[in-house]
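Read the structure below first, then the notes.
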Number of protein chains: 2
Amino acid sequence: MAIFTGTYQHTIDEKNRLAIPSSIRKCMDEDTEGNGFFVTPGLDKCLALYTPLHFKAISEKYNEQASTNRKARNFQRHFFSYTKKVDCDKQGRISVEPKHIDYAGLKKEVIIVGVMDRIEIWDKKSWDEAEAGNSESYENDAEDLFRLGSVPS
Amino acid sequence: MAIFTGTYQHTIDEKNRLAIPSSIRKCMDEDTEGNGFFVTPGLDKCLALYTPLHFKAISEKYNEQASTNRKARNFQRHFFSYTKKVDCDKQGRISVEPKHIDYAGLKKEVIIVGVMDRIEIWDKKSWDEAEAGNSESYENDAEDLFRLGSVPS
DNA sequence: GTGGATTGTGGGTAGGGATGGGGAATTTAA
DNA sequence: TTAAATTCCCCATCCCTACCCACAATCCAC
């Protein structure tokens, strides 16, 4: 499965179009992962984009929980109703729904980041604020999270 | 899996290009390990380069940390967003992002070192300072680390 | 020592990527 | 049936990346 990395600054134009970085598009294999993305409401007020293959895996996981848990069912309703499948146009752009723009507080300048199994879209201002904290605690968090063994250095 | 060793002094040119020593490139097998490198923010303010095969193993380890844990989530964001996949050009060079140059404080002269499963890139000045301390305590550290039969993974 | 091959470094240039805007096709409303 | 609106496609521009070639230094073989 594709592993996404990197940080990119792109712009949303007046038609709500947003170019997905070509290096991100190139690192997914359409035959196995499908084409396009599922745009979902991410945690921490960003948008999270998943490949069709990975979205399927997530859906199945949520579905197991929902069958026995009322809170999970409500979460499931919100999550799926707020999710939209999009395809890239010939220029490699997706169009972002107004409701998603509102949710993540997107302005013209946005940051696109690859985070392992997903692509996140942030408003530039929010990202800069969050990232300042994350980079500060990076080395300490690395030691905390992996102290109990299993450190790939 | 490839084991990297050695110390090399190379230069970053005005286009932010850096030649990977040919003896390092030659000791990895593209068929099994993939081509190019993942440039990651290493601990102790250097850059750590991994082969695609090894980076995949690291990602899977990080993936075990639930993304519902806030600290783990922010760590993942920082690590993967700061990581960039690069390929060597026909001259065996990679291009280093400005962000990575800042992080490791790289100037024109840099030191490239092979450290077992990864390649580290240091600013020459930082390396010389760190190395002075390391070589001084080398024999003592060796005794400490191996006294209890523990293997430094 | 000498010649050739390999390696590291520098610089010009073509092609691809990000972005903006016009226009055709489809939909919705009147 | 026509007008207005939305969506998607295509082209045009700018800029940056990565390729190509060139040269210098080093290493190696003989």
Side-chain angles (χ1 to χ4, degrees), chain A residues 2 4-28 30 35-37 39 47 49 84-102 106-114 119-124 127, chain B residues 4-28 30 34-39 47 49 52 81 83-102 106-114 119-124 127:
Chain A
F4 299 110
T5 61
T7 308
Y8 310 83
Q9 175 167 347
H10 282 183
T11 61
I12 296 186
D13 65 21
E14 321 87 54
K15 293 179 177 180
N16 291 349
R17 295 178 300 189
L18 172 64
I20 303 298
S22 71
S23 56
I24 280 189
R25 296 197 313 267
K26 269 188 284 194
C27 78
M28 51 183 288
E30 294 211 342
N35 58 349
F37 299 96
V39 183
L47 301 178
L49 278 61
K84 177 99 192 297
K85 169 70 165 30
V86 297
D87 290 305
C88 293
D89 68 11
K90 294 291 171 66
Q91 275 70 19
R93 293 175 287 200
I94 62 172
S95 70
V96 187
E97 295 208 319
K99 128 178 115 180
H100 285 148
I101 290 181
D102 287 346
L106 303 182
K107 308 279 180 303
K108 187 177 169 63
E109 297 192 326
V110 303
I111 303 294
I112 302 174
V113 287
I119 300 158
E120 290 187 349
I121 298 176
W122 290 70
D123 181 61
K124 177 173 162 51
W127 173 257
Chain B
F4 300 111
T5 60
T7 309
Y8 309 83
Q9 174 167 347
H10 281 182
T11 62
I12 295 186
D13 65 22
E14 323 88 55
K15 290 179 173 180
N16 293 347
R17 294 178 299 190
L18 172 64
I20 302 299
S22 70
S23 56
I24 280 188
R25 295 198 313 267
K26 270 188 282 195
C27 78
M28 52 183 287
E30 294 212 342
N35 58 348
F37 299 95
F38 282 86
V39 183
L47 300 178
L49 278 61
S81 72
T83 292
K84 178 98 193 297
K85 169 70 165 33
V86 297
D87 290 306
C88 294
D89 67 11
K90 294 292 171 67
Q91 276 70 17
R93 292 174 289 197
I94 62 172
S95 72
V96 187
E97 294 206 320
K99 173 170 77 177
H100 285 148
I101 290 181
D102 287 346
L106 303 182
K107 307 282 180 302
K108 188 176 169 63
E109 297 192 325
V110 303
I111 303 295
I112 301 173
V113 286
I119 301 158
E120 290 187 350
I121 298 177
W122 290 72
D123 180 61
K124 177 173 163 49
W127 173 258

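We use all heavy atoms of the structure for the numbers below, so side chains are in, but hydrogens, waters and symmetry mates are not. Since this is a predicted model, take the numbers as computed values, not measurements. Letters go in sequence order (proteins before strands), and every chain restarts at 1.
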Pick out the pairs of N or O atoms, protein on one side and nucleotides 22-26 of chain C on the other, that lie under 3.5 Å.
residue: C/dG22; atom: O6; partner: A/K15; partner atom: NZ; Å: 2.4

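Taking the side-chain contact (heavy atoms from CB on, under 4.5 Å) definition, one finds that A/K84 meets it with A/V86, A/E97, A/H100, sequence neighbours left out. By the side-chain contact (heavy atoms from CB on, under 4.5 Å) test, B/E30 pairs with B/N35, sequence neighbours left out. Listed by chain and number, the residues in a side-chain contact (heavy atoms from CB on, under 4.5 Å) with A/S95 amount to none (sequence neighbours excluded). Remark: A/K108 pairs with no residue by the salt bridge (charged side-chain N to carboxylate O under 4.0 Å, His left out) rule, at least two apart or across chains. With sequence neighbours excluded, no residue satisfies salt bridge (charged side-chain N to carboxylate O under 4.0 Å, His left out) with B/R25. Take A/I101 and apply the side-chain contact (heavy atoms from CB on, under 4.5 Å) test, not counting sequence neighbours, and it matches A/N16, A/V96, A/L106. Every residue two or more places apart in sequence or in another chain that forms a ring pair (Phe, Tyr, Trp, His ring centres under 6.0 Å) with B/F38 is listed here: B/F55. In this structure A/K15 satisfies the salt bridge (charged side-chain N to carboxylate O under 4.0 Å, His left out) test with no other residue, sequence neighbours excluded.
Along DNA chain D, read 5' to 3', the first and last nucleotides having any atom under 4.0 Å from a heavy atom of chain B are D/dA18 to D/dC21.
Overall, the helix from C/dG1-D/dC30 to C/dA30-D/dT1 carries an axis bend of 40° between its ends, with five pairs at each end and the value rounded to 10°.
Within residues 85-95 of chain B, the residues that have a heavy atom under 4.0 Å from DNA chain D are, in order of number, B/D89, B/K90, B/Q91, B/R93, B/S95.
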